[in-house]
Number of protein chains: 2
Amino acid sequence: MLWVVVACAMPRKRLTREESREQTRLRLLDAAAAVIVKKGLAGTSVEDIAGHAGYTRGAFYSNFKSKTDLFIELLKSDHAQVQQDLQQLLEADISNEDLQKQLAQFYGQCYRDHNSYVLWAEARLHAVRDAKFRQRMNTLCLEKRDMIASFITQFNQRMAQPPLPAPAPDLALAMMALIDGMLYFNMSMPGEMSDTATGTVLSTIFTATFFGPQA
Amino acid sequence: MLWVVVACAMPRKRLTREESREQTRLRLLDAAAAVIVKKGLAGTSVEDIAGHAGYTRGAFYSNFKSKTDLFIELLKSDHAQVQQDLQQLLEADISNEDLQKQLAQFYGQCYRDHNSYVLWAEARLHAVRDAKFRQRMNTLCLEKRDMIASFITQFNQRMAQPPLPAPAPDLALAMMALIDGMLYFNMSMPGEMSDTATGTVLSTIFTATFFGPQA
DNA sequence: GTATCCAAATACATTGTTGTATTTAAATAC
DNA sequence: GTATTTAAATACAACAATGTATTTGGATAC
C-alpha cells in the first residue's frame with residue numbers, strides 16, 4: 001500500500017525486461033572495474049563483482065560467460081571511448097593552438113583516469129600469459145598507434161616542420177611508450193613526479209623530436 | 001650399497017644443515033620467480049612455488065613468513081643486482097665510448113631480462129593496492145633514480161655538453177619512464193616494435209634531450 | 001653409540017571459489 | 001485473468017588454498 005504512494009511520489013519507471021537486463025549488465029561492468037582496480041584481476045572473484053553490484057553470482061553468469069569475458073568487454077568499451085576522444089582531437093582545428101596546449105590535451109586524453117590505466121596495466125600482464133588475449137589487445141593497440149601516427153603526420157604537415165626523424169608509426173609507438181611510461185610511473189609512485197616536471201619533460205622531448213635542431 | 005659407489009663416483013658434498021637450508025631458500029626463490037612470471041603473483045599459490053622447487057608447503061613456511069615476504073626478497077635481490085650493474089657502468093670509463101654504445105648498454109642494463117621485468121610489473125600493480133609495499137618500492141626506485149641522475153650529470157660533464165634542459169633527477173625519472181615504457185610495450189607486444197626501431201627512437205630522443213639544438 | 005635438534009613432510013580443519021542445476025517471482029503474451 | 005517466459009536467486013557438489021599442529025628422519029653434539 002505504501003508502495004503505491006512511493007511509486008507515485010518518485011516516478012521510478014518500471015523497467016522493461018530488456019532495460020532491466022541492460023542495467024544489470026552495466027552495473028556489473030562498473031562494479032567489476034571498481035573491484036578489479038582495487039583487488040586485481042586474479043584477486044577478484046565473481047562473487048566480489050556480483051556482490052559489489054548488488055546481485056548474486058546468478059546474475060553474473062546469466063550475463064557473462066566468465067570473468068575474462070567481462071574483462072574484455074570492459075577494455076573494449078574503454079578503448080572505444082579513447083578512440084573517440086582521439087578522433088575528435090584529430091578532427092579539431094589544431095593549427096592555431098600552441099604545442100604546449102596540444103600536448104597537455106593529448107596527454108590527458110590518452111587514458112582518462114587512474115582507474116582505467118590500472119585496468120590496462122592488468123590487461124598487459126594478462127596478455128603476457130595468454131596468447132589469445134594478447135592478440136586481441138595488439139589489435140586495439142595498433143589501432144591506437146595508427147591513429148596517433150596519423151595525428152603526428154598531420155601535425156607535422158600543418159606546422160610545416162622539418163621531416164620527421166623516423167616513420168610516423170614508429171614515432172607513434174615511441175610516444176605511446178613514453179606516455180605510458182609516465183603514467184605507469186605515476187600509477188605506482190603517485191606524487192613522486194610533479195605534474196610540472198612531467199609536463200616540462202614531455203614538452204622538452206616532444207619539441208626536440210618533432211621540431212628538430214632548433215632551440 | 002650402490003649408494004656408496006655413486007657417492008664416491010661423484011663427490012656430491014654432503015651438505016651441512018645451514019647449507020642445505022640456504023639451498024632450499026634459493027630454490028624456492030628461483031621457483032617463485034619462474035611461477036610468478038608464468039601465472040602472476042595472485043595466481044600463484046604457495047603450493048605452486050614449493051612444488052615447482054621440489055618441496056612441499058612445509059618447506060615454504062619453514063623459510064618464509066608469507067608469499068608477499070618472499071616476493072619482496074625477490075625484488076630486493078633483483079634491485080641489488082641492477083644497482084650493482086649501474087654502479088659498474090658509472091665507474092667505467094665512458095669518455096671514449098660513443099653515445100650509441102652507451103645507450104645500448106644502459107638500456108640492456110636496466111632490467112636484465114624479460115622475467116625480471118614482468119616481476120616488476122607485478123610489483124607495481126601490487127604497489128597500487130598496498131601502501132606499505134608502495135613505500136618500500138619507492139625507496140628502491142628513488143635509489144635507482146639517484147644513481148641514474150648521477151650518471152646523467154657525469155655524462156653531461158665529461159662530454160662537455162650544453163647545460164641540461166632540466167634538473168638531473170627529473171631527467172632521470174623521465175628516462176626511467178621512457179625506458180620502462182619501451183620495455184613495458186615490448187613485454188605485452190613482443191616483436192611489434194623492432195629492436196632497431198627501439199634503438200633508433202631511443203637514441204634520437206636521448207640525443208635531442210642531452211645534446212640539445214644541434215643535429 | 002645415544003640424545004637432541006631442526007628442516008621439511010604430513011595431517012588437519014577451515015574457508016573461499018567455481019560452475020551448474022534448480023527454483024522463484026516478475027514481466028510479457030494470450 | 002491464466003499461461004509462458006526468463007532474469008536473477010538459491011542450493012549444491014567438487015575442488016583449491018590457507019595456516020597451524022604434529023610427526024619424521026637426517027644432522028649435530030656429547
Side-chain angles (χ1 to χ4, degrees), chain A residues 1-4 6-7 11-32 35-36 38-73 122 126 129-130, chain B residues 1-4 6-7 11-32 35-36 38-73 122 126 129-130:
Chain A
M1 1 263 75
L2 188 54
W3 269 116
V4 177
V6 170
R12 197 200 311 273
K13 187 185 164 195
R14 233 171 178 309
L15 299 173
T16 164
R17 254 217 271 260
E18 203 177 352
E19 286 170 325
S20 164
R21 190 173 168 76
E22 191 53 25
Q23 190 185 54
T24 307
R25 263 185 86 80
L26 289 178
R27 282 181 181 163
L28 284 170
L29 282 166
D30 282 352
V35 182
I36 290 173
K38 193 161 145 202
K39 317 214 293 173
L41 182 60
T44 298
S45 70
V46 169
E47 184 109 42
D48 282 333
I49 297 171
H52 192 268
Y55 295 92
T56 64
R57 240 159 350 116
F60 181 96
Y61 284 111
S62 164
N63 281 282
F64 299 96
K65 213 175 93 267
S66 65
K67 198 168 68 176
T68 307
D69 184 44
L70 172 145
F71 187 55
I72 288 177
E73 288 219 26
E122 285 285 344
H126 194 68
R129 285 152 199 149
D130 180 339
Chain B
M1 358 263 74
L2 187 55
W3 270 116
V4 177
V6 170
R12 196 201 312 270
K13 186 185 166 198
R14 229 171 182 306
L15 299 174
T16 165
R17 253 216 274 261
E18 202 177 354
E19 286 171 326
S20 165
R21 190 172 167 77
E22 191 53 27
Q23 191 185 54
T24 308
R25 262 185 86 80
L26 289 178
R27 281 182 183 161
L28 284 170
L29 282 166
D30 282 352
V35 181
I36 290 173
K38 196 162 144 201
K39 317 212 296 172
L41 181 59
T44 298
S45 70
V46 169
E47 184 110 42
D48 282 333
I49 296 171
H52 193 268
Y55 296 91
T56 63
R57 241 158 350 115
F60 182 96
Y61 283 111
S62 164
N63 281 283
F64 299 95
K65 212 176 93 268
S66 65
K67 201 170 65 178
T68 307
D69 184 45
L70 174 145
F71 187 54
I72 288 178
E73 287 219 26
E122 287 283 347
H126 194 67
R129 284 150 200 152
D130 180 339

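A note on names: the letters A, B, ... follow the listed sequences, proteins ahead of strands, and every chain is numbered from 1.
Atom-to-atom, CZ of B:Phe60 to P of C:dA7 comes out at 16 Å; the value is rounded to the nearest Å. Distance A:Tyr55 OH to D:dA8 C1': 9 Å, rounded to the nearest Å. Distance A:Glu22 CD to D:dA8 P: 10 Å, rounded to the nearest Å. Atom CZ of A:Phe64 and atom C1' of D:dA8 are 14 Å apart (whole Å). With rounding to whole Å, B:Glu19 atom CD is found 15 Å from D:dG26 atom C1'. Distance CD (B:Glu18) to C1' (C:dA7): 13 Å, rounded to an integer number of Å.
Distance from the side chain of B:Arg17 is smallest for C:dA7 among the nucleotides C:dA8, C:dA7, D:dA8. Checking D:dA9, C:dA8, C:dT28 against every side-chain atom of A:Thr16, the shortest atom distance belongs to C:dT28.
Across B:Tyr55 and B:Leu28, no two heavy atoms sit closer than the pair CD1-CD2, 4.5 Å. The minimum heavy-atom distance linking B:Lys67 with B:Ile49 is given by the pair CG-CD1, 4.2 Å.
Counting any heavy atom pair closer than 4.0 Å across all strands shown, A:Ser20 reaches sugar-phosphate atoms only and no base atom.
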Nucleotide N/O to protein N/O under 3.5 Å, stretch nucleotides 10-18 of chain C:
| unit_1 | atom_1 | unit_2 | atom_2 | d |
| --- | --- | --- | --- | --- |
| C:dT18 | OP2 | A:Val46 | N | 3.2 |

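Proximity of a side-chain donor or acceptor of B:Asn63 to a complementary backbone N or O of B:Ala59 within less than 3.5 Å is detected.
Contact annotation: B:Asn63 side-chain N/O to C:dA7 OP1/OP2 distance is not under 4.0 Å.
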